Chemist: 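Below you'll find the structure I mean.
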Amino acid sequence: MTTMMEGFLPFEHEPYFNFRDEATVQAQRAAFQQVREQYVGRTFPLIVNGQPAQGSGTFEVRNPADTREVVWQFQNATPEQLQQAVQAAQRAFEDWRFSDPFQRASIFKRAAELLRARRLELNAVMTLENGKNWPEADGEVAESVDHFEVFAREALRWAQGKPVYPMPDEHVTTVYEPLGVVACISPWNFPSAIPLGMALGAIAAGNTVIWKPARETPLSSYLMVELLFEAGLPRGVIQFLTGTDDVLGDPLVDHPGVRMIAFTGSKEIGCRIYERAAKVQPGQRWLKRVMAEMGGKDPTVVCADGDLDAAAQGIVQAAFGYAGQKCSACSRVIVEESVHDALLEKVTALARQLKVGLPEDNADLGPVIHTGSAQRIMGFVERGQQSARLVLGGEVPDMGERQGGYVAPTIFADVPPSDPLFQEEIFGPVLAFTKARDWQHAIELANDSEYGLTAAFYSRDPRKIEEARRRIHVGNLYINRKCTGALSGTHAFGGYGMSGTNAKVGGPDYLFWFLQTKTIAQRY
Ligand SMILES: NC(=O)c1ccc[n+]([C@@H]2O[C@H](COP(=O)([O-])OP(=O)(O)OC[C@H]3O[C@@H](n4cnc5c(N)ncnc54)[C@H](O)[C@@H]3O)[C@@H](O)[C@H]2O)c1
Ligand SMILES: N[C@@H](CCC=O)C(=O)O
């Protein structure tokens, strides 16, 4: 096994494209044209039992940059198709559970190669269905390549088992076995890397998957599934289902044939799944396992001795990248009083330079996913003006005839810790500044949240950094850098508190979520 592992080393994160290079810009533009010719207007199938299938009608996927444009259509799966998919996944499990981990790893390696060759195409698909600009889409597609590489290695590593303390008259081994059918339910904001991470975790461990993407962004998922099949994954290992939440929400979670639910999305739905999955359904022969990775209200703490320029850059990137629609986005800045005004000025100056526009033209800030989301965000902005000071934005930019949920980058100052701007996940380009008396108070304020996903801490003082490392209650703490942009294999991702079950995707323990442990004691 060690020899096999060596064949996979060394690992390097997939480099990003340089969109300042004119040839790369032309290549990305050509990829948009190719995607428009190849995919726009098409209707895509479900994949059940390895076969493409029609549902009971289709739904439209619209370009959030201008919702008048229907980009592609997908199927509404029926309740019968959900049954067929679970049964097909159960049948496929009987073979896949015993598949050679080296075969699994080789498929993932091959998929990484295939994806490398199509990165610009996948970037363009993502931009058209979820509104990421070029570097944001590219970052996610590169993360998907990393996932293939990382999970190839993890499949082999976990297959080795773990040593136990020996005893003289028995040979004892600890081995890890897969669970069964895993339902992977994902959000729209990371439509390739998030479902892929959950699905590869399941498949690497020998499980089979019901892959249920968000309705807003199915093509980024569908292309990943097809790519895995092209790389040699047996087609029964993934059932791809799209449709409505009344068919694929509670009924999928409740299904007695589903052994585990791997969910990433909102706190509301995550809590609902956690609760429902606890009920043992008739015919169910296990306690369901639930992975639920949920929202965030992520702080950046800036101490008086911190590098204010670096902090300002990190804050602006983390708060306004992809219009703040990341669970990891910086939505609170907690800053020592003595440098508050200086930092606010720097952040505001940088944010003011951001251009709102079309993601396809690589604008700094595109639309939020729905016009309804923009209205919800503007509700926070309007209410926020009664309790805090609006420093920047707070309006809907004029986008001419375009219909989309555009919100200007918005900054509030003097936000009280009890305020919804400080406590609630807004999931848009809205940033709250709050003053702290001193750096210890700043850490206290950072922890004043039900969430605990990411945080950034800026200081040059080793004593303060040590205290922040100990006391800031989050799953991903970043010192002197922004709080977004976890890299697979390096920054295992997942939060504390109401941010979820702390699954740590891309980390060394992630596969354990998808495994059960068998102890075998043998006497001779
Ligand atoms: N912690 C993380 O790693 C992480 C990563 C990305 C996004 N998020 C969070 O996701 C949220 C945004 O995504 P969203 O709006 O797509 O979330 P959402 O919870 O509305 O939807 C997520 C998925 O759940 C499905 N769903 C809806 N009702 C369901 C039900 N009753 N049972 C089972 N599944 C159901 C949806 O169709 C979708 O596929 C934010 O809160 C964000 O913070 C968290
Ligand atoms: N993993 C991503 C966030 C995913 C959530 O939306 C990051 O680290 O920024």
Side-chain angles (χ1 to χ4, degrees), residues 59 77 82 130 132 136 139-140 143-144 146-147 183-195 197-198 210-218 221 241-255 258 261-277 290-298 317-319 321-331 368-370 372-373 376 424-428 451-454 456 474-476 478 481-488 490-507 510:
F59 64 92
L82 172 60
N130 89 346
K132 284 193 176 180
E136 292 289 347
E140 183 176 347
E143 183 184 0
S144 302
D146 285 350
H147 275 339
C184 296
I185 304 174
S186 51
W188 47 263
N189 73 329
F190 277 77
S192 92
I194 285 184
M198 296 190 291
I210 310 281
W211 184 313
K212 209 302 280 175
R215 271 173 84 79
E216 291 83 350
T217 53
S221 271
L241 295 183
T242 52
T244 57
D245 291 337
D246 62 335
V247 174
L248 299 179
D250 292 348
L252 175 56
V253 170
D254 296 347
H255 199 292
V258 169
I261 296 130
F263 168 82
T264 307
S266 64
K267 183 185 79 174
E268 181 200 349
I269 302 295
C271 292
R272 181 182 177 91
I273 290 174
Y274 206 68
E275 192 180 329
R276 290 190 80 94
V290 177
M291 168 191 288
E293 298 302 295
M294 314 191 295
K297 189 69 196 174
D298 310 301
Q317 285 171 10
Y322 190 35
Q325 299 175 107
K326 300 183 190 180
C327 56
S328 53
C330 169
S331 52
V368 296
I369 191 76
H370 294 296
S373 311
R376 194 184 53 79
E424 288 182 34
E425 187 183 50
I426 299 173
F427 226 56
Y451 294 107
L453 189 46
T454 74
V474 294
N476 285 64
Y478 299 101
R481 54 149 287 185
K482 70 185 167 87
C483 62
T484 53
L487 293 176
S488 182
T490 302
H491 308 116
F493 192 78
Y496 287 179
M498 293 311 288
S499 291
T501 49
N502 191 229
K504 306 308 275 183
V505 62
Y510 189 64

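In this text the structure is predicted, and so the values were computed from the model without any measurement. Just follow the structure's listing: the first ligand is 1, and inside any ligand the first atom is 1. Heavy-atom basis, side chains included; hydrogens, waters and symmetry copies ignored.
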Chemist: So which heavy atom in the protein is nearest atom 25 (C) of ligand 1, and how far is it from that ligand atom?
Modeler: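 Sorting protein heavy atoms by distance from atom 25 (C) of ligand 1 puts Ile185 CG2, 3.6 Å first.
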Chemist: Under 4.0 angstrom from atom 21 (O) of ligand 1, is there any protein heavy atom?
Modeler: no
Chemist: Could you tell me whether Lys132 and Glu140 have a side-chain N and a carboxylate O separated by less than 4.0 Å?
Modeler: yes
Chemist: Ignoring angles and geometry beyond distance, decide whether Phe493 reaches within less than 3.5 Å of ligand 2 through its nitrogen or oxygen atoms.
Modeler: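 No.
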Chemist: Report, in ascending order of atom number, the atoms of ligand 2 lying under 4.0 Å from any heavy atom of Thr484.
Modeler: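 Counting atoms of ligand 2 from 1, those under 4.0 Å from Thr484 are 9 (O).
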Chemist: Kindly identify the option in Ala183, Ala214, Ser186 whose heavy atom sits closest to atom 23 (C) of ligand 1.
Modeler: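 Nearest heavy atom to atom 23 (C) of ligand 1 lies in Ser186.
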Chemist: Could you tell me whether some N/O pair between Asp245 and ligand 1 is separated by less than 3.5 angstrom?
Modeler: yes
Chemist: Show which atoms of ligand 1 fall inside a sub-4.0 Å distance from at least one heavy-atom site of Pro187.
Modeler: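 Those qualifying, in numeric order: 6 (C), 7 (C), 13 (O), 14 (P), 16 (O).
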Chemist: Considering non-hydrogen atoms of the protein only, which is the closest contact for atom 16 (O) of ligand 1, and what is the distance?
Modeler: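 Nearest neighbour among protein heavy atoms for atom 16 (O) of ligand 1, to 0.1 Å: Trp188 CD1, 3.1 Å.
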Chemist: If only atom types and distance count, is the side chain of His491 paired as donor or acceptor with the main-chain N or O of Leu487 below 3.5 Å?
Modeler: yes
Chemist: Closest non-hydrogen protein atom to atom 29 (C) of ligand 1, residue and atom name please, with distance?
Modeler: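 Result for atom 29 (C) of ligand 1: Ile269 CG2, 3.5 Å.
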Chemist: Taking the side chain as everything from C-beta on, heavy atoms only, tell me whether Thr501 gets closer than 4.5 Å to Tyr274.
Modeler: yes
Chemist: Any nitrogen or oxygen of Thr264, main chain or side chain, under 3.5 Å from a nitrogen or oxygen of ligand 1?
Modeler: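 No: no nitrogen or oxygen of Thr264 is under 3.5 Å from one in ligand 1.
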Chemist: Do Arg215 and Asp245 meet the salt-bridge criterion of a basic N to acidic O distance under 4.0 Å?
Modeler: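 Looking at Asp245 and Arg215, the cut-off is not met.
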Chemist: Below 3.5 Å, N or O to N or O, backbone or side chain included: is there any such pair between Met294 and ligand 1?
Modeler: yes
Chemist: Identify the two heavy atoms, one from Asn130 and one from Tyr322, that lie closest to each other, and give their separation to 0.1 Å.
Modeler: O-OH, 2.7 Å
Chemist: Polar-atom distance check: Asn189 versus ligand 1, any N or O pair below 3.5 Å?
Modeler: no
Chemist: Among Ser266, Ala277, Ala193, which one has a heavy atom closest to atom 18 (P) of ligand 1?
Modeler: Ser266
Chemist: So, do Val253 and Ile185 sit near enough that their side-chain heavy atoms are less than 4.5 Å apart?
Modeler: yes
Chemist: Quick one: which ligand 1 atoms are inside 4.0 Å of a heavy atom on Arg272?
Modeler: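 Counting atoms of ligand 1 from 1, those under 4.0 Å from Arg272 are 31 (N).
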Chemist: Mark up the atoms of ligand 2 that fall under 4.0 Å of a heavy atom belonging to Lys326, in ascending order.
Modeler: 6 (O)
Chemist: Just to be sure I read this right, does ligand 1 sit under 4.0 Å from the backbone of Phe427, its side chain, both, or neither, counting only heavy atoms?
Modeler: side chain
Chemist: Under 4.0 Å from any heavy atom of Ile194, which atoms of ligand 1 are there?
Modeler: 5 (C), 6 (C)
Chemist: Does the N or O separation between Lys267 and ligand 1 drop below 3.5 Å for any pair?
Modeler: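 By distance alone, the answer is no.
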Chemist: Distance under 4.0 Å to a non-hydrogen atom of Val253: what atoms of ligand 1 satisfy this?
Modeler: 32 (N), 33 (C)
Chemist: What's the shortest distance from atom 5 (C) of ligand 2 to any protein heavy atom, and which residue and atom give it?
Modeler: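 Residue, atom and distance for the closest contact: Cys327 SG, 2.3 Å.
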Chemist: Pick whichever of Asp254, Leu453, Asp250 has a heavy atom sitting closest to atom 31 (N) of ligand 1.
Modeler: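 Among Asp254, Leu453, Asp250, the closest heavy atom to atom 31 (N) of ligand 1 comes from Asp250.
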Chemist: Do you know which two heavy atoms are closest between Gly265 and Pro187, and how far apart they sit?
Modeler: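 Closest pair (atom of Gly265, atom of Pro187, distance): CA-CB, 4.3 Å.
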Chemist: Taking all non-hydrogen atoms of both residues, which atom of Met198 and which atom of Ala262 are closest, and how far apart?
Modeler: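 Scanning both residues completely, I find the closest heavy atoms to be SD-O, 3.4 Å.
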Chemist: Quick one: nearest non-hydrogen protein atom to atom 43 (O) of ligand 1, plus distance?
Modeler: Glu425 OE2, 2.6 Å
Chemist: So how far is it from Cys327 SG to Phe427 CZ, rounded to the nearest 0.5 Å?
Modeler: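 If I round to the nearest 0.5 Å, the distance is 6.5 Å.
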Chemist: Could you check if a side-chain atom of Ile426 sits within less than 4.5 angstrom of a side-chain atom of Lys297, using non-hydrogen atoms only?
Modeler: yes
Chemist: Tell me, which protein residue and heavy-atom name are nearest atom 30 (C) of ligand 1, and how many Å apart are they?
Modeler: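 Nearest protein contact, heavy atoms only, for atom 30 (C) of ligand 1 is Gly249 CA, 3.6 Å.
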Chemist: Taking N or O atoms only and a 3.5 Å limit, does Asn189 qualify as a polar contact for ligand 2?
Modeler: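 Yes, at least one N or O pair falls under 3.5 Å.
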Chemist: Contact between Leu453 and Phe493 at the side-chain level, heavy atoms closer than 4.5 Å - yes or no?
Modeler: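 Counting from C-beta outward, Leu453 and Phe493 do come under 4.5 Å.
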Chemist: Taking side chain as C-beta onward, heavy atoms only, is Met498 less than 4.5 Å from Cys271?
Modeler: yes
Chemist: Is the side chain of Asn502 donor-acceptor paired with the backbone N or O of Tyr496 at a distance under 3.5 Å, no angle test?
Modeler: no
Chemist: Show the nearest heavy-atom pair for residues Leu248 and Gly243, with the distance to one decimal.
Modeler: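 Of all heavy-atom pairs spanning Leu248 and Gly243, the closest is CD1-N, 3.5 Å.
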Chemist: Can you check which of Ala486, Gly265, Cys184, Ala503 brings a heavy atom nearest to atom 9 (C) of ligand 1?
Modeler: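 Of the listed residues, Gly265 has the closest heavy atom.
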Chemist: Tell me if a side-chain donor or acceptor on Asp254 pairs with a main-chain N or O of Ala277 at a distance below 3.5 Å.
Modeler: no
Chemist: Output yes when the distance from some N or O of ligand 2 to some N or O of Phe190 is under 3.5 Å, and no in every other case.
Modeler: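 No; the residue has no nitrogen or oxygen that sits under 3.5 Å from a nitrogen or oxygen of the ligand.
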Chemist: If you measure every N/O of Ser499 against every N/O of ligand 1, is any gap under 3.5 Å?
Modeler: no
Chemist: For ligand 1, which atoms sit closer than 4.0 Å to a heavy atom of Phe493?
Modeler: 3 (O)
Chemist: Could you report the tightest heavy-atom contact between Gln325 and Asn189, atom names first, then the distance?
Modeler: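 The pair with the smallest heavy-atom distance is O-ND2, 3.0 Å.
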Chemist: With backbone taken as N, CA, C and O and side chain as the heavy atoms from C-beta onward, which portion of Glu216 lies under 4.0 Å from ligand 1: side chain, backbone, both, or neither?
Modeler: neither
Chemist: How about Val290 and Phe263: do any of their side-chain heavy atoms sit closer than 4.5 Å?
Modeler: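 Not touching, per the 4.5 Å side-chain cut-off.
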Chemist: Does Ser328 reach ligand 2 with a nitrogen or oxygen that is under 3.5 Å from one of the ligand's nitrogen or oxygen atoms?
Modeler: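 There is such a contact, yes.
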Chemist: List every atom of ligand 1 that sits less than 4.0 Å from any heavy atom of Glu293, numbering the atoms from 1 in the order shown and giving each element.
Modeler: 1 (N), 2 (C), 3 (O), 44 (C)
Chemist: Would you check whether Ala486 has a nitrogen or oxygen atom less than 3.5 angstrom from a nitrogen or oxygen atom of ligand 2?
Modeler: yes
Chemist: Could you list the atoms of ligand 1 found under 4.0 angstrom from a heavy atom of Phe263?
Modeler: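 Answer, ordered by atom number: 19 (O), 22 (C), 23 (C), 24 (O).
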Chemist: Please name the pair of heavy atoms, one in Ser221 and one in Pro195, separated by the smallest distance, quoted to 0.1 Å.
Modeler: OG-CG, 3.5 Å
Chemist: When you measure from the side chain of Asn476 to the backbone of Ala492, do you find a donor-acceptor pair of N or O atoms at a distance under 3.5 Å?
Modeler: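 Yes, because the side chain of Asn476 sits within donor-acceptor range (under 3.5 Å) of the backbone of Ala492.
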